[in-house]
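Data first, discussion second: the structure below is written as C-alpha cells.
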Amino acid sequence: MTFDRSLKIAPSILSADFANFGQEIQAVEAQGADWVHVDVMDGHFVPNLTFGPPMCAAIRKHINTVMDVHLMIAPVDPYIDAFAEAGADVLTAHLEAGPHVHRTLQAIRGAGCKAGLALNPGTGIEDVDYLLDMVDLICVMTVNPGFGGQKFIHSQIDKVRRLREKIGDRPIHIEIDGGITPETAPLMVEAGADVLVAGSAVFKGGSVDDPGPYGENIRAIRAACGN
Ligand code: DX5
Ligand code: ZN
C-alpha cells in the first residue's frame with residue numbers, strides 16, 4: 001500500500017448480502033471500489049454483532065484492493081494478531097475502546113498492518129496529539145457506530161477540517177464512515193478527507209446478479225466530489 005491523498009471509495013460490506021460476501025466483493029471491485037471496508041462488531045462496544053477473524057480470512061481471497069478492517073470491539077488487543085493473520089491491510093481500533101490506545105496502535109503496526117484510529121462523533125481531536133506518529137489512518141465517524149443507513153452528523157465537518165490542519169504533511173489518511181452520499185461526500189472531501197466509506201449508498205438498488213447500480217452509485221459519489 002503506497003500513500004496518496006487521492007479520493008478512495010470504500011464500500012462497507014455491512015450493506016452487502018451476508019450469504020454472498022465473495023461475489024459481492026468481486027462485484028463492487030469490478031464496479032470501481034478502491035478499498036473494501038469490513039465492519040467487525042462485538043455486541044458490547046457497539047449494540048450490534050457481525051463476525052470475527054474466520055470470516056475476514058474467508059473473504060480475504062476475494063479482495064484484490066485493500067482490506068480495511070474497522071474493529072468496533074473492546075477489548076481490542078487480544079484479537080489483533082488474529083485479524084492481522086486474517087489478512088487485514090488496515091486495522092482500525094477505536095480511541096474509546098480502552099485506556100491503552102497507544103499500546104494498541106503499537107501492536108497493530110507490530111503485527112504488520114497499517115494502524116487506524118477511529119473517533120466516535122462525541123470524541124474530540126485533542127487526544128490524537130501524541131498518537132500522530134503512530135497512525136496511518138484516522139477514521140472520523142459521522143454516525144454513532146453500530147448500524148448502516150444512519151443519518152450523517154454535520155458537526156463532524158469542522159472536526160475533519162481541524163484534524164486535517166493538525167495532520168499537516170504527515171502521511172495519514174482521513175477516512176469518513178457513516179451517512180456518506182453524493183450530498184455529504186463533497187463536504188468531507190472539501191474538509192480534507194481522502195477515504196470515504198459508504199455502505200447503503202453503494203449497495204442500494206443492485207445485487208450480484210445486477211451489479212451495475214453499484215458502479216453508478218460509486219461514480220455518483222465520485223462525481224459529486226469533482227472526480
Ligand atoms: C457503522 C459502520 C459503517 C457502516 C456505514 O457502524 O462502521 O461502516 O457500514 O454505513 P452507511 O454508509 O450506510 O452509513
Ligand atoms: Zn465502518
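First listed ligand is number 1; within each ligand, the first listed atom is number 1. The shown structure was predicted, so the numbers you read here are calculated from the model rather than taken from an experiment.
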Rounding to 0.5 Å, atoms CD1 (I221) and CD (E216) come to a distance of 12.5 Å
Smallest heavy-atom separation, H173 atom then D4 atom, equals CE1-O, 3.4 Å
Rounded to the nearest 0.5 angstrom, the CZ-CD distance for R161 and E190 is 8.0 Å
Under 4.0 Å from ligand 1, residues with heavy atoms, in chain and number order, are S12, L14, H37, D39, M41, H70, M72, M141, P145, G146, F147, G148, G149, D177, G178, G179, V197, A198, G199, S200
| query | For the ring pair F45 and H94, is the centre-to-centre distance below 6.0 Å? | reply | yes
Near Y79 OH, under 6.0 Å, is it more than 12 heavy atoms from other residues, nucleotides or ligands?
no
Note on the Zn ion (ligand 2): protein N/O/S atoms within less than 2.8 Å are H37 NE2, D39 OD1, H70 ND1, D177 OD2
Given D39 and S12, is the side-chain hydrogen bond (donor to acceptor under 3.5 Å, both in side chains) satisfied, shown in steps? CA-CA 7 Å; D39 287 305; S12 163; 2.7 Å; yes
For P145 and P121 the tightest heavy-atom approach is CD-CD, 4.4 Å
Answer whether the closest heavy-atom distance between the side chains of F147 and V46 falls below 4.5 Å.
no
Quick one: do R164 and D194 make a salt bridge, cutoff under 4.0 Å?
no
